[in-house]
Amino acid sequence: MTTPLRDELRRLRIELRILNDAVAAEVGLNPRDLDILDVIDREGPCTPSTLAERTGYRRATLTSVINRLHRDGWIVRRTAPDDGRSSILASTARFDEIRALYAPADDIDSAISQKYNEQQRATIAQALSLVTSHLRGLSEGTVPPEKQGP
């Protein structure tokens with residue numbers, strides 16, 4: 001039996017995939033490339049190890065994707081200051097192309113702000129955070145804390 005929340009989450013997953021596919025196609029990227037760029041842009045410069053952890057890419061796959069994104073000007077690579085064997089990856093100004101394509105979807109903040117008060121918006125954000133944490137736990141093979149026994 002499905003619930004309205006589960007149904008809406010499934011619909012959201014599909015709509016996000018459709019939007020991501022369209023954005024990726026517009027800028028000549030693979031849809032999963034957006035995951036890497038999003039982590040770097042949202043969380044700031046990071047190492048390839050962090051990207052592998054945050055995106056679920058295997059290191060061998062990630063290396064070729066990073067090389068391509070670097071070659072095409074989406075990211076820059078710098079030597080890590082504390083470990084000369086590692087690199088730090090950061091987004092470039094080219095990411096503005098992606099931000100512009102997502103801008104209409106970002107208007108959801110305005111729509112939600114007009115419809116819901118601050119406390120309701122905080123509850124929505126908290127629920128989405130719980131969903132995200134739960135899914136992250138499942139993808140990592142761990143049981144989320146709220147599902148663990150006493």
Side-chain angles (χ1 to χ4, degrees), residues 1-70 72-77 87-150:
M1 177 170 131
T2 62
T3 64
L5 178 59
R6 185 178 309 150
D7 287 344
E8 290 306 315
L9 288 170
R10 290 171 71 185
R11 286 185 44 202
L12 176 62
R13 179 187 57 80
I14 291 167
E15 295 305 324
L16 286 171
R17 184 190 51 78
I18 292 168
L19 176 62
N20 289 340
D21 288 353
V23 167
E26 182 72 24
V27 295
L29 292 170
N30 297 321
R32 287 288 315 262
D33 293 349
L34 295 175
D35 297 342
I36 292 169
L37 294 174
D38 186 52
V39 169
I40 293 171
D41 190 62
R42 242 180 338 100
E43 298 179 12
C46 60
T47 64
S49 295
T50 299
L51 280 179
E53 176 185 308
R54 297 291 296 121
T55 62
Y57 271 106
R58 283 183 248 136
R59 290 294 303 243
T61 303
L62 187 60
T63 298
S64 64
V65 174
I66 288 171
N67 288 340
R68 183 172 36 78
L69 292 173
H70 180 257
D72 294 344
W74 291 101
I75 59 175
V76 292
R77 236 187 275 222
S87 59
I88 300 292
L89 308 168
S91 60
T92 67
R94 188 159 187 210
F95 197 84
D96 288 340
E97 296 173 45
I98 295 171
R99 284 189 198 98
L101 293 168
Y102 278 115
D106 290 341
D107 289 343
I108 191 70
D109 282 343
S110 296
I112 289 174
S113 292
Q114 291 173 9
K115 186 166 175 99
Y116 299 100
N117 66 39
E118 187 174 335
Q119 184 178 2
Q120 290 169 319
R121 291 190 310 269
T123 300
I124 292 167
Q126 185 179 24
L128 290 172
S129 178
L130 179 62
V131 168
T132 302
S133 295
H134 184 82
L135 295 175
R136 167 63 64 179
L138 291 173
S139 69
E140 292 174 345
T142 60
V143 177
E146 66 275 3
K147 290 288 188 182
Q148 294 178 359

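- Here the side chains of Ile40 and Pro45 are not in contact, with every heavy-atom distance at 4.5 Å or above.
- Residues passing the salt bridge (charged side-chain N to carboxylate O under 4.0 Å, His left out) test with Asp21, sequence neighbours excluded: Arg17.
- Once rounded to the nearest 0.5 Å, the distance linking CG of Leu37 with CZ of Arg32 reads 12.0 Å.
- For the atom pair CZ (Arg13) and CG (Leu135), the distance works out to 10.5 Å, reported to the nearest 0.5 Å.
- Under the side-chain contact (heavy atoms from CB on, under 4.5 Å) criterion, Glu97 pairs with Val27, Trp74, Arg94, sequence neighbours left out.
- Scored by the side-chain contact (heavy atoms from CB on, under 4.5 Å) test, Ser49 finds Thr47, Arg59 as partners (sequence neighbours excluded).
- Taking OG1 from Thr92 and CG from Asp72, the interatomic distance works out to 10.5 Å, rounded to the nearest 0.5 Å.
- Between Val131 and His134, every side-chain heavy-atom pair lies at or beyond the 4.5 Å cut-off.
- At least one side-chain heavy atom of Arg6 sits under 4.5 Å from a side-chain heavy atom of Thr3.
- No donor-acceptor pair under 3.5 Å is formed between the side chain of Thr50 and the backbone N or O of Cys46.
- Between Gln120 and Asn117, the closest side-chain pair of non-hydrogen atoms falls below 4.5 Å.
- Using a 4.5 Å heavy-atom cutoff, the side chains of Arg99 and Asp41 are in contact.
- Note on residues 105-116: no pairs pass side chain to side chain donor-acceptor pair (under 3.5 Å), not counting sequence neighbours.
- Considering every non-hydrogen atom in both Tyr57 and Asp33, the closest pair reads OH-N, 3.9 Å.
- When side chains are defined from C-beta on, Leu19 does not count as touching Leu101, because their heavy atoms never get closer than 4.5 Å.
- In this structure Arg77 satisfies the salt bridge (charged side-chain N to carboxylate O under 4.0 Å, His left out) test with no other residue, sequence neighbours excluded.
- One distance of note links CD of Gln126 with CZ of Arg121; it measures 14.5 Å at 0.5 Å rounding.
- Under the 4.5 Å side-chain criterion, counting only non-hydrogen atoms from C-beta, Leu69 is in contact with Leu29.
- Between the Ser133 side chain and the Leu130 main chain, no donor and acceptor come within less than 3.5 Å of each other.
- Contacts of Arg42 classified as side-chain contact (heavy atoms from CB on, under 4.5 Å), with partners at least two apart in sequence or in another chain: Asp38, Val39, Arg54.
- Partner of Ile36 under the side-chain contact (heavy atoms from CB on, under 4.5 Å) criterion, chosen from Ile75, Asn30, Leu89, Leu51: Leu51.
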